[in-house]
There are 2 protein chains.
Amino acid sequence: MPHRAAIPRPSLARLPIYYRRLLRHLEQGEGIISSQELGTAAGVPAAQVRKDLSHLGELGRAGVGYETRELALTLEDFMGLAHTKIAVLVGVGNLGRALAAYAGFERYGLRIVALFDHDPEKVGKQIAGKPVFGTDQIAERVQSLGAEMGIITVPAVGAQDVADEMVKAGIDVIWNFAPRALIVPDHVILENEDLAARLATISYHVILRRLET
Amino acid sequence: MPHRAAIPRPSLARLPIYYRRLLRHLEQGEGIISSQELGTAAGVPAAQVRKDLSHLGELGRAGVGYETRELALTLEDFMGLAHTKIAVLVGVGNLGRALAAYAGFERYGLRIVALFDHDPEKVGKQIAGKPVFGTDQIAERVQSLGAEMGIITVPAVGAQDVADEMVKAGIDVIWNFAPRALIVPDHVILENEDLAARLATISYHVILRRLET
DNA sequence: TAGATTGTTAATCGATTAACAATC
DNA sequence: TAGATTGTTAATCGATTAACAATC
């Protein structure tokens, strides 16, 4: 069983950026890359890159750099991108639809196998090639499909109920797009993608910029 | 001209969470709220809340707490949520469509006034009640509409060109959803919303969880 | 050997948290 | 007055960065 080290959250968040830079480097036929080049891509100093990568092991060669393909594969393995992750998505509004159809996710091993909505108009249809079920079927389907991840794209009001339902069904990783702080048991990993909240912080910058000029 | 203090990024990111908690508190007719209650909503200790809010001034009363409505208005003002921010969105795919239609943004003062795409099929149509123009018209329309913010939802390949175009047109705040590191001049504020990269970090957690159990 | 670049140590920086005097 | 809660100071924690010996 492969060992996976603990890694600081900010370091983890930079790995996908390095990974993409490596893929592009590989396309260009470059066999070796330096921490300097990776740092430029991520907007951090080379020392930060080396520190980040040091959490995964000794991956480079002093005086030379990192072997492009090897490092890409190591990152891919570390983040588990080659492993299929079975997910369900609840809330087939505009955003839910967009995420269900997003090809970029599949390339990272995410397979959204079922959609749920309480609108009878949508239930029974297919969206982005995936079946839509009623929200009353979440528990049942999660178990029969072996889903381990749940994506919430319902409006704020319904989000906690959906989360509860997912947790009850045994899901232990939730990616929440609803603009609401959810309460989940300790063993459940909750990642919030709160676009309205993000907009609010961007709004601050816009206003600041307006006052400056 | 109102003064806006510098505020650490993590503190700024928590303000919208406090703000939403305040709105709910207000709905429930509660006139006073404590840092303790706000902290619970955001998952941080009360001391963190008080420190965060202290960047905006002395907003509470010792021994009592914060006046709900007053604090909500202060946050709203600080983040500029009541001010209209004119934006354009480039890339009318699934995600672009979803963002263009997202009602939550309007509540925070974002007004997306024009969409752009290079697909002739889409140009000339209306999507979510907003006109779609050809990408060759970005500069012209940004200026005539007075847009100060740009949202990028094109595929990775085209993102840098779109950003360049926006910057040339005078846009100085860019919200980028394309999975690509963009290069912009120093005076431009760039906020990345890289969902594929986020998925990669979540994938790490899923795999870790799998190994644990 | 000279030049380049790694991994790691130590210093720096900045954010979080605990503690408490001041206030209501 | 007793109890509650603020704003702020100081201590703690954790991440970033600079510097450099080790390595190629």
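So that the names make sense, note that chain A is the first sequence line, chain B the second, and so on, each numbered from 1.
In summary, A:Glu148 and A:Lys85 do not engage in a salt bridge, as defined by a charged side-chain N under 4.0 Å from a carboxylate O.
Residue B:Leu12 contributes atom CG, which lies 12 Å from atom P of C:dA15 at whole-angstrom precision. Atom CG in B:Leu59 sits roughly 11 Å away from atom P in D:dT6 (whole-Å rounding). Atom NE2 in B:His55 sits roughly 11 Å away from atom C1' in D:dT8 (whole-Å rounding). Here the C1' atom of nucleotide D:dT6 and the CD atom of B:Gln48 are 16 Å apart, to the nearest Å. With rounding to whole Å, B:Lys51 atom NZ is found 8 Å from D:dT8 atom P. D:dG3 atom P lies 21 Å from atom CD1 of B:Ile32, rounded to whole Å. Straight-line distance from the CD atom of A:Gln36 to the C1' atom of C:dA4: 12 Å, rounded to whole Å. As a whole-Å value, the separation of B:Leu38 CG from D:dT5 C1' is 13 Å.
Ring centroids of B:Phe105 and B:Tyr108 are separated by 6.0 Å or more, keeping the two rings apart.
Between B:Arg50 and C:dT16 there is no side-chain N or O to OP1 or OP2 distance below 4.0 Å. Between A:Ser35 and the phosphate of C:dT6, there is a side-chain N or O to OP1/OP2 separation shorter than 4.0 Å. Taking side-chain N and O atoms only, B:Tyr66 has a distance below 4.0 Å to OP1 or OP2 of D:dG7.
Mapping A:Gly63 and A:Pro8 onto DNA chain D via the closest heavy atom, the residue that lands nearer the 5' end is A:Pro8.
If you check every strand for non-hydrogen atoms under 4.0 Å, A:Leu53 touches nothing.
Within a 6.0 Å sphere centred on CD1 of A:Ile183, other residues, nucleotides and ligands contribute 12 heavy atoms or fewer. At most 12 non-hydrogen atoms from other residues, nucleotides or ligands lie less than 6.0 angstrom from CZ of B:Arg69.
Listed nucleotides: D:dA22, D:dG7, D:dT6. Nearest to the side chain of A:Ala62: D:dA22. Taking the side chain of B:Pro45 as heavy atoms from C-beta on, and the options D:dA22, C:dT16, C:dT17, the nearest nucleotide is C:dT17.
Between B:Pro185 and B:Val167, the closest heavy-atom pair is CG-CG1, 3.7 Å.
Across the strands present, C:dC20 finds its partner in D:dG7; the criterion is a Watson-Crick or G-U wobble pair with both atom distances under 3.5 angstrom.
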